[in-house]
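Inspection log for the structure reproduced underneath, given as structure tokens.
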Amino acid sequence: PGTAVTVPVCTMGSCRQYEACMDRWDFSTDHGSCDVYGDWTKRMGYCESDKDVFGTLASVACPVSCDTCPLGKCYIRDSNTLMQCAGGKLGRRRR
């Protein structure tokens with residue numbers, strides 16, 4: 001599974017598509033899934049060092065949680081939310 005997705009956003013009869021980052025649902029380390037890396041008090045400081053069994057860094061597999069998304073938009077699958085990200089998660093927008 002990749003970490004980029006195309007998300008359609010429709011409002012008042014018009015739709016646009018955005019390229020957005022998305023955390024991998026299947027990523028897991030000894031410390032947990034991508035959710036663990038979104039909390040500074042838990043593991044976010046370890047995004048550049050923690051790896052899964054395949055050697056994939058958390059910063060690569062979890063671009064939303066680790067705030068490493070190069071696309072500027074993040075998709076949160078659980079809440080069906082598209083938001084601006086990179087340098088801070090701002091501008092929440094419902095699909």
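Since the structure is predicted, the reported quantities are computational estimates derived from the model, not experimental observations.
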Query raised in the report: Given the rule in the disulfide (SG to SG under 2.5 Å) test, do C34 and C66 qualify, once you have shown the distances and angles that lead to the verdict?
Result: CA-CA 8 Å; C34 286; C66 289; over 6 Å; no
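- Y46 has its side chain out of reach of H31: every pair of non-hydrogen atoms, C-beta onward, lies at least 4.5 Å apart.
- The distance from atom SG of C74 to atom CG of D67, rounded to the nearest 0.5 Å, is 7.0 Å.
- Closest of all the heavy-atom pairs between D52 and S28 is CB-O, 3.2 Å.
- Between the CD1 atom of I76 and the SG atom of C85 there is a distance of 7.5 Å, given to the nearest 0.5 Å.
- Counted by atom type alone, S59 and Y37 present zero donor-acceptor pairs between their side chains at under 3.5 Å.
- Enclosure of atom CG in D30 is not indicated, since only 12 or fewer non-hydrogen atoms of other residues, nucleotides or ligands lie within 6.0 angstrom.
- Side-chain contact between K51 and L57 is present, with heavy atoms from C-beta onward closer than 4.5 Å.
- Side chains of Q17 and T6: no donor on one and acceptor on the other come within 3.5 Å.
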Requested in this report: Start with the C-alpha distance between V60 and T3, add both sets of side-chain angles, then the distance that settles side chain to side chain contact (heavy atoms under 4.5 Å, CB included), and finish with yes or no.
Outcome: CA-CA 8 Å; V60 173; T3 57; 5.6 Å; no
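- The CE atom of M22 sits 12.0 Å away from atom CG of L71, with the distance rounded to the nearest 0.5 Å.
- M83 CE to K73 NZ: the interatomic distance, rounded to the nearest 0.5 Å, is 11.0 Å.
- T29 and D50 form no side-chain donor-acceptor contact under 3.5 Å, judged by distance and modelled atom types alone.
- The side-chain heavy atoms of V5 and E19, taken from C-beta on, include no pair separated by under 4.5 Å.
- Separating the CZ atom in F27 from the OG atom in S33 is a distance of 9.0 Å, to the nearest 0.5 Å.
- The line from CZ of R16 to SG of C10 is 11.5 Å long, rounded to the nearest 0.5 Å.
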Requested in this report: Using the disulfide (SG to SG under 2.5 Å) rule, take C69 and C21 through it: C-alpha gap first, then chi angles, then the decisive distance, then the call.
Outcome: CA-CA 6 Å; C69 176; C21 293; 2.1 Å; yes
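- Between the side chains of Y75 and D23, no donor-acceptor pair is found at a separation under 3.5 Å.
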